[in-house]
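Remarks on the structure that follows.
Model, not experiment: these values are computed from the prediction. Just so it is clear, the values below take in all heavy atoms, side chains as well, and ignore hydrogens, waters and symmetry mates.
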Amino acid sequence: MMRKRKGYPVYPLTAAQKFHFFYLDACPNKAVVNIGTSLTIEVDLEFDLLRKSILKAYERSEAMRLQFAKDKDGVWYQYVVDEVKQEIPFVDFSDQTMEEAEQTMRKWTSVPFEHEDSPMSRMVMIRMPDGFCGVYLLADHLIMDAQSMICFLKDIIELYSSEMYDEIPYPKEMSSYLEQLQKDLAYEAGSKAKEKDEAFFKNLIESSEPIYNGIDGTAKLEMERDRQKNPKLRAAVNVSDSVESDLDIFHLEGEPTKRLMDFCSANHISLTCLLLMGLRTYFQKLNGNDDVSINSAIARRATLKEKKCGGTRIHSFPFRTVIPKETKFIDALFEIRDKQNELFRHANYDPVAYFAYRSSVYKNPRGCTYEPMSLTYQPMTLKEKGLDQLGDIRYKTKWYPNGATTQGMYLTVMHRPEDNGLDFNFEHQIKAVSRKQLEYLYYYLCKIMFKGIENPNLSVGDILKLV
């Protein structure tokens, strides 16, 4: 007999959700799992129709109606309610400056959700000082990741547009979150696939121990070695004693971005591979190690159903490469591609279990890690299939930091709507990494990538001489 909550069937959390709860528990600032974003369009919107479209989008998405509760042992579980009872207010910022409007939305983003039996998202309709109109969306990472956020916002625009303009068709249905959830839970319950994935990761972990590379060299590792009185230690503490964070954004123009994208498509590699190559080569340059590990996020949305089911599906694993300086730049990229593909095949495995096993094999001091940062590349944009009929309507998206992070440094690379150029969003602990260090990293990351795509047959060592 299935357990129920308020008449709704309840389900355990997935591995991706447990990962968020895992650091939520550890973090004093509970807004750490908030995602805040605004999407505005250069059109005077009909706000009554927009409100209807938002409510319709909630109706169409099971994941956006997710709620959570704890059992008597303190274990969290989830259930989907029939409707989300919430006001969709309208806020007019037109008599304020852009700074003031954005400051307000940053404030909204730093307010945590009640996690028990309450809606996990909030929406506000907005008119901005520049005349653009649209929505601000705040959601909890437990019900949403970047891809499902884009999917949900796109659904709202398509619902609105199909009402407003005859030539725009009504959008196709979303897929079921609960159906995907049951697949994930069946995998977790001891499937053959899970056994295979576990064996793969255990072998990977046991093969040899990685080494920590710092953003500006080996100082953190040396300090940890001194502190532990262990000159052979290979891990270091990467975070500060404060979770207070900031977001620093660097913009790469449309034209150079296109050069990177063209190179990737000509050589059948993803931009993630090129970014990983650039980052690992930067750490190799500063630390003198051929062996570099970086956490890499995997979206786990290969099928159409996974793409459209909403929820949070990201798993993040350490991505380790050992690339000698004699290796040609292009060969290193192919090696990264093959390794990435191998990781994708096993990516349903629980990252928390991965890190727990690694800690049991290499008994490092508490709080020590091998990875100086995490990388996510977000290829999906709102312009994808379906919205191109809106012609050249200009739109803007903006992310608002929640003010806290449990990681030293997290880089999310996304495309800008205006010119398809890249935005490098560095969220970082203020006390762990400074803006100056990030400027240096970003400068060299770009130099390495561009020198590499211009001279793909040069060795990594020769590229490093050129930058």
Atom CD of Glu116: over 12 foreign heavy atoms under 6.0 Å: yes
With side chains defined as the heavy atoms from C-beta onward, is the minimum distance between [X] and [Y] less than 4.5 Å?
X: Gln147; Y: Gln378; answer: yes
X: Leu271; Y: Leu260; answer: yes
X: Leu441; Y: Met409; answer: yes
X: Leu137; Y: Phe152; answer: yes
X: Gln340; Y: Leu276; answer: yes
X: Met98; Y: Asp130; answer: yes
X: Tyr357; Y: Glu206; answer: yes
X: Met277; Y: Met449; answer: no

Nearest non-hydrogen partners of [X] and [Y], listed with the distance:
X: Glu195; Y: Gly190; value: OE2-O, 4.2 Å
X: Ala31; Y: Thr109; value: CB-O, 4.2 Å
X: Lys305; Y: Gln180; value: CB-NE2, 3.4 Å
X: His315; Y: Ala347; value: ND1-O, 2.8 Å
X: Ala63; Y: Gly310; value: CB-C, 3.8 Å
X: Leu275; Y: Leu375; value: CB-CD2, 4.0 Å

Here's one to test your reading of the geometry: is the NZ or CZ of [X] within 45 degrees of the ring axis of [Y] and under 6.0 Å from its centre?
X: Lys194; Y: Tyr349; value: no
X: Lys6; Y: Tyr79; value: no
X: Lys339; Y: Phe319; value: no

Using a distance-only test with no angle check, is there a side-chain donor-acceptor pair under 3.5 angstrom linking [X] and [Y]?
X: Glu209; Y: Tyr370; result: yes
X: Glu224; Y: Gln228; result: yes
X: Glu427; Y: Ser245; result: yes
X: Asp117; Y: Gln67; result: no
X: Tyr354; Y: His346; result: no
X: Thr376; Y: Tyr410; result: yes
X: Tyr177; Y: Gln78; result: yes

Quick check on the 6.0 Å ring-centre criterion: do [X] and [Y] meet it?
X: His115; Y: Phe68; result: no
X: Phe47; Y: Phe90; result: yes
X: Tyr77; Y: Tyr11; result: no

Please step through side-chain contact (heavy atoms from CB on, under 4.5 Å) for the pair Gln407 and Val239, ending with a clear verdict. CA-CA 6 Å; Gln407 304 189 50; Val239 291; 5.5 Å; no
How long is the straight-line distance from [atom2] of [Y] back to [atom1] of [X], given to the nearest 0.5 Å?
X: Cys446; Y: Leu252; atom1: SG; atom2: CG; result: 5.0 Å
X: Ile448; Y: Leu464; atom1: CD1; atom2: CG; result: 6.0 Å
X: Ile150; Y: Met144; atom1: CD1; atom2: CE; result: 10.0 Å
X: Leu422; Y: Thr257; atom1: CG; atom2: OG1; result: 4.0 Å
X: Phe19; Y: Asp350; atom1: CZ; atom2: CG; result: 9.5 Å

Side-chain donor or acceptor of [X] paired with backbone N/O of [Y] under 3.5 Å:
X: His251; Y: Asp423; result: no
X: Asn287; Y: Asn289; result: no
X: Thr40; Y: Gly134; result: no
X: Asp73; Y: Val75; result: no
X: Ser176; Y: Leu178; result: yes
X: Tyr362; Y: Ile205; result: yes
X: Arg300; Y: Arg313; result: yes
X: Gln17; Y: Leu13; result: no
X: Asn213; Y: Asp291; result: yes
X: Arg127; Y: Asp92; result: no

Basic-acidic side-chain contact under 4.0 Å: Arg301, Asp145: yes
Taking 4.0 angstrom as the limit, do Asp82 and Arg65 come out as a salt bridge? no
Over 60° means perpendicular and under 30° means parallel, so classify the ring planes of [Y] and [X], tilted if in between.
X: Phe93; Y: Trp108; answer: tilted
X: His20; Y: His141; answer: parallel
X: Tyr400; Y: Tyr136; answer: tilted
X: Phe317; Y: Phe201; answer: parallel

With side-chain contact (heavy atoms from CB on, under 4.5 Å) as the criterion, how do Gln284 and Asp290 come out once you've worked through the C-alpha distance, each side chain's angles and the decisive distance to 0.1 Å? CA-CA 6 Å; Gln284 184 174 18; Asp290 294 343; 2.9 Å; yes
Partner of Tyr187 by side-chain hydrogen bond (donor to acceptor under 3.5 Å, both in side chains), out of Thr14, Asn348, Asp197: Asp197
Chi angles and distances behind the side-chain contact (heavy atoms from CB on, under 4.5 Å) call for Leu153, Thr37: CA-CA 10 Å; Leu153 290 171; Thr37 190; 4.1 Å; yes
Only one of Arg280, Arg234, Arg358, Arg320 forms a salt bridge (Lys or Arg N to Asp or Glu O under 4.0 Å) with Glu371, so which one is it? Arg358
If you apply the rule salt bridge (Lys or Arg N to Asp or Glu O under 4.0 Å), what do you find for Arg435 with Asp246, and how did you get there? CA-CA 9 Å; Arg435 172 156 180 121; Asp246 205 353; over 6 Å; no
Apply side chain to side chain donor-acceptor pair (under 3.5 Å) to the pair Thr405 and Gln429, showing each step before the final yes or no. CA-CA 6 Å; Thr405 178; Gln429 288 183 352; 5.6 Å; no
Applying side-chain contact (heavy atoms from CB on, under 4.5 Å), run through Val433 and Phe426 and close with a yes or a no. CA-CA 10 Å; Val433 179; Phe426 287 94; over 6 Å; no
